[in-house]
Colleague: 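Below is one structure. I have some questions about it.
Just so we're on the same page: letters track the sequence lines, and every chain starts at 1. Only this structure's heavy atoms are used, side chains among them; waters, hydrogens and symmetry mates stay out.
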Amino acid sequence: MQRGGEPAAVPKAQDGCEGRAMQQMLETKQQWRDLAVEQLRELAQDDYGLDPAQIDESQLVISTPPEEKLGDLALPLFPFAKVFRSAPPKIAGQLCVRLSAAARERGLGTAETAGGYVNVRLHREQLIAPVLREVLTKEADYGRRRTLSGVRTVVEFSCPNTNKPLHLGHLRNDALGESVSRILNFAGSEVRKVNLINDRGVHICKSMLAYQKFGDGATPESEGVKSDHFVGNYYVRYNEWAAEERDAERQAKDMLQRWEQGDPETIELWERMNRWAIEGIEETYRRTGVGFDAVYRESETYKAGRDEVLKGLERGVFYKSDDGSIWIDLRDINLDQKALLRSDGTSLYLTQDIGTAIQRHKDWPFERMIYVVASEQNYHFKVLFHVLARLGFNWALNLYHLSYGMVNLPEGKMKSREGTVVDADLLLDKLNAMAVNEITSKAREDEVSDLAGTAEKIALGALHYYLLQTSPNKDMVFDPGASLSFNGNTGPYLQYTCARISSIIRKAGSTTGAALMPPESVAEQLTRSEEWQLVKQLAQFPEAVAQAAESLNPAVITTYAYELAKTFSGYYHEVPVLRADTPAQVQSRLALSAAVRQVIANALRLIDVPFLERM
RNA sequence: GCGCCCAUAGCUCAGGGGAUAGAGCAACGGCCUUCUAAGCCGUUGGUCGGAGGUUCGAAUCCUCCUGGGCGCGCCA
């Protein structure tokens with residue numbers, strides 16, 4: 001991002017009325033917070049003779065005790081030692097007395113002290129039934145927020161070249177872009193996913209040239225090769241040929257010139273090969289669940305920035321160098337001078353992005369645009385955003401570069417020259433084969449009914465979870481072996497947890513929403529600590545969504561989902577659902593299990609990991 | 001040389017001012033006549049890269065240092 005403009009600069013809708021009586025945990029926390037502030041101020045006034053206004057509300061935070069037996073919420077009182085001129089444990093003790101009384105009056109729960117903390121124990125019966133009902137009523141919408149309602153967001157991601165197929169790096173980009181889009185949408189924003197296809201330039205001409213020379217009229221069909229790979233093979237062929245043919249580079253440039261001059265034969269070839277490339281890439285998008293609301297092509301936008309640059313020149317935002325090239329001077333903000341138009345008047349990469357951004361805002365006036373692009377381009381976007389700001393576009397202040405780190409292999413960097421680049425399709429095939437292997441080795445082919453389809457979903461789950469569990473800004477190591485193992489903290493583990501719950505629900509014979517609702521006595525039935533823990537975790541999902549949206553970090557969701565699944569797995573092992581003591585208890589545990597499945601499923605959707613009924 | 005980013009268990013990663021720093025993998029030991037063992041439980045493993053500083057309190061914020069990544073084109 002590197003721009004001063006934080007996402008926080010975006011106009012925010014207040015989060016106050018997200019459906020009354022809904023978002024139970026949020027409401028409960030807010031009540032306790034209000035109460036604690038109120039009591040703290042009274043304490044300050046009554047016992048310390050202080051002005052209540054001296055109590056800084058923002059210093060009161062609500063956290064979670066490190067151990068469950070300590071309580072459900074924690075209020076650290078250390079920050080107030082200074083104002084009170086008293087030791088935190090003493091303040092905690094005094095506050096606790098008042099807070100307990102006030103909470104008792106309002107039936108909110110109990111409080112006790114532990115050192116400098118006041119720990120709160122919630123009335124479980126006040127949360128259990130409402131939380132389960134909310135999850136099971138809202139279903140796929142449970143967790144949806146309005147935090148970003150009214151904010152129109154463009155998310156640009158993927159941006160493939162049409163001279164080769166997608167590789168592992170694209171898969172991280174796609175997973176991030178798709179996931180962040182879904183998360184923002186779930187947080188209330190109206191999201192437009194856009195792609196920018198890099199379909200022009202000398203590198204594109206290279207595969208065209210090789211095809212012209214060596215293609216001999218072959219087609220993807222005639223060769224039986226996926227069409228983007230077919231094109232990619234000619235790019236490889238070009239590089240082989242160029243290694244011994246000195247004239248290769250010049251011939252490619254000549255071809256680019258013919259392309260720019262509109263030479264029919266060149267254009268025809270370009271169109272044909274582009275179609276192959278794009279069709280193949282779109283096939284992979286369909287496979288990975290990635291999609292776009294609008295697709296921009298560089299061949300259509302590369303000239304668009306030029307007029308804007310010329311306008312800016314007239315207004316003195318830019319300057320013309322002696323040789324006729326046009327520049328911006330950003331030295332005053334510790335950046336450099338940067339060329340915007342070549343001396344021959346042609347566009348540069350940056351120019352094109354200027355035009356594209358302006359075009360997008362015309363097409364769909366957004367409040368905010370997020371570029372999902374690798375961290376190598378940090379500087380590029382820093383400059384781009386400043387240029388747009390200096391051109392006077394107020395929306396330029398809400399442009400954001402979601403920069404993500406490199407994907408490396410255990411052996412080191414992927415290098416195209418050494419052939420270590422991991423191809424997206426091959427990787428998916430490999431994961432799929434592993435999943436088939438796993439299913440058959442457990443003799444579950446008959447159970448899953450659709451072996452190929454199930455394996456594909458497991459493969460995708462493994463891949464996307466793996467790619468998203470690392471925070472975007474960090475480089476990551478992709479270990480194919482680990483991603484294939486399906487053990488531990490993985491996508492398949494989450495899918496498996498859901499499949500086991502689904503199995504219980506099927507066996508209960510009551511799969512409709514109404515039949516899974518908790519009975520009146522649910523709070524008396526779910527008295528185990530694991531059950532309370534699960535209810536609390538379910539209630540926290542909306543907060544996880546908000547946090548993921550605010551930080552543009554899908555890893556918040558992967559972590560949340562994994563922790564929920566892990567708690568449930570322990571519960572599943574420990575406690576029988578269908579063979580519980582009484583029908584009411586069966587029904588209650590069934591409702592809890594169904595709610596867990598629903599919330600994990602909602603989380604999975606946000607990280608583009610397919611949900612599985614059986615596996 | 002300058003700028004940005006990263007550094008937490010053997011490995012891959014969470015945690016981004018609050019209570020004894022977590023998980024997965026790996027290693028070792030238990031648990032399948034019971035709702036899917038792709039699972040569950042336990043043991044082992046960390047002076048949070050180093051040094052200062054801010055703070056009642058620092059893995060977390062600031063400064064410097066070290067190591068690594070990326071960038072500094074009229075390439076994209």
Colleague: If I pick the P atom on rG39(B) and the same atom on rG24(B), what distance separates them, to the nearest angstrom?
Modeller: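 Here rG24(B) and rG39(B) have their P atoms 10 Å from each other.
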
Colleague: Establish, with yes or no, whether the OP1 or OP2 oxygen of rG71(B) is under 4.0 angstrom from a side-chain nitrogen or oxygen of Lys382(A).
Modeller: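 Result: no.
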
Colleague: Determine whether a donor-acceptor pair (N or O, by modelled atom type, separation under 3.5 Å) exists between the side chain of Thr420(A) and the backbone of Lys415(A).
Modeller: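 Yes: the side chain of Thr420(A) pairs with the backbone of Lys415(A).
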
Colleague: Is any side-chain nitrogen or oxygen of Tyr496(A) closer than 4.0 Å to OP1 or OP2 of rA38(B)?
Modeller: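 So the side chain of Tyr496(A) is within the cut-off, an N or O lying under 4.0 Å from OP1 or OP2 of rA38(B).
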
Colleague: Roughly how many Å apart are rG68(B) and rG49(B), using the C1' atom of each and rounding to a whole number?
Modeller: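 My reading of the C1' atoms in rG49(B) and rG68(B) gives 11 Å.
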
Colleague: Does Tyr493(A) have a side-chain nitrogen or oxygen under 4.0 Å from the phosphate oxygens OP1 or OP2 of rC40(B)?
Modeller: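 Affirmative; the distance criterion is met.
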
Colleague: Does rU12(B) have its OP1 or OP2 closer than 4.0 Å to a side-chain nitrogen or oxygen of Lys474(A)?
Modeller: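 No, no such contact exists.
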
Colleague: Using atom P of each nucleotide, how far apart are rU12(B) and rA19(B) to the nearest Å?
Modeller: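 Per the computed distance, 27 Å lies between those P atoms.
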
Colleague: Could you check whether any side-chain N or O of Gln352(A) sits under 3.5 Å from a backbone N or O of Thr301(A), counting only pairs where one atom can act as donor and the other as acceptor?
Modeller: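 No, the answer is negative, given that no donor and acceptor are paired below the 3.5 Å cut-off.
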
Colleague: Since syn is defined as within 90° of 0, does rC31(B) count as syn or as anti?
Modeller: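 Because its glycosidic torsion lies more than 90° from 0, rC31(B) adopts the anti conformation.
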
Colleague: For Lys413(A), answer base if it contacts any base atom (sugar-phosphate contacts may also be present), sugar-phosphate if it contacts only those atoms, and nothing otherwise; contact means non-hydrogen atoms under 4.0 Å.
Modeller: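 Result for Lys413(A) = sugar-phosphate.
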
Colleague: Heavy atoms only, 4.0 Å cut-off, all strands: where does Val577(A) land among base, sugar-phosphate and nothing?
Modeller: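 If one applies the 4.0 Å heavy-atom cut-off, Val577(A) turns out to touch a base.
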
Colleague: Looking at the base of rA76(B), is there any donor atom on it, or on the side chain of Asn163(A), that sits under 3.5 Å from an acceptor on the other one?
Modeller: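 It does not, because no donor-acceptor pair links the side chain of Asn163(A) to the base of rA76(B) below 3.5 Å.
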
Colleague: OP1 or OP2 of rG24(B) sitting under 4.0 Å from any side-chain N/O of Asn487(A)?
Modeller: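 Negative; the distance criterion is not met.
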
Colleague: State whether Ser503(A) places a side-chain N or O below 4.0 Å from either non-bridging phosphate oxygen (OP1 or OP2) of rU36(B).
Modeller: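 Answer yes for this pair, as a side-chain N or O of Ser503(A) is under 4.0 Å from OP1 or OP2.
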
Colleague: Should Ile183(A) and Pro554(A) count as side-chain neighbours, where that means a heavy-atom distance under 4.5 Å?
Modeller: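 Side chain of Ile183(A) against side chain of Pro554(A), heavy atoms only: contact under 4.5 Å found.
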
Colleague: If only side-chain N and O atoms of Lys82(A) are considered, is one of them under 4.0 Å from the OP1 or OP2 phosphate oxygen of rU55(B)?
Modeller: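 The answer is no; no side-chain N or O of Lys82(A) sits under 4.0 Å from OP1 or OP2.
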
Colleague: Please state whether the phosphate of rC35(B), meaning OP1 or OP2, lies under 4.0 angstrom from any side-chain nitrogen or oxygen of Arg506(A).
Modeller: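 False: Arg506(A) side-chain N/O out of range (4.0 Å or more) of rC35(B) OP1/OP2.
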
Colleague: Would you please confirm or rule out a distance under 4.0 Å between OP1 or OP2 of rC75(B) and any side-chain N or O of Arg342(A)?
Modeller: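 For Arg342(A), the contact criterion (side-chain N or O under 4.0 Å from OP1 or OP2 of rC75(B)) is met.
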
Colleague: Side-chain contact, heavy-atom cut-off 4.5 Å: His203(A) with Asn198(A)?
Modeller: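 Touching, per the 4.5 Å side-chain cut-off.
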
Colleague: Using both distances under 3.5 Å as the test, list the Watson-Crick or G-U wobble partner of rG39(B), or none.
Modeller: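 Partner of rG39(B): rC31(B).
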
Colleague: Given rA38(B), is OP1 or OP2 found less than 4.0 Å from the side-chain N or O atoms of Arg614(A)?
Modeller: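 Result: no.
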
Colleague: What contact category does Asn198(A) fall into here, base, sugar-phosphate, or nothing, at under 4.0 angstrom with non-hydrogen atoms?
Modeller: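 Sugar-phosphate contact only - Asn198(A) comes under 4.0 Å of backbone atoms but never of a base.
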
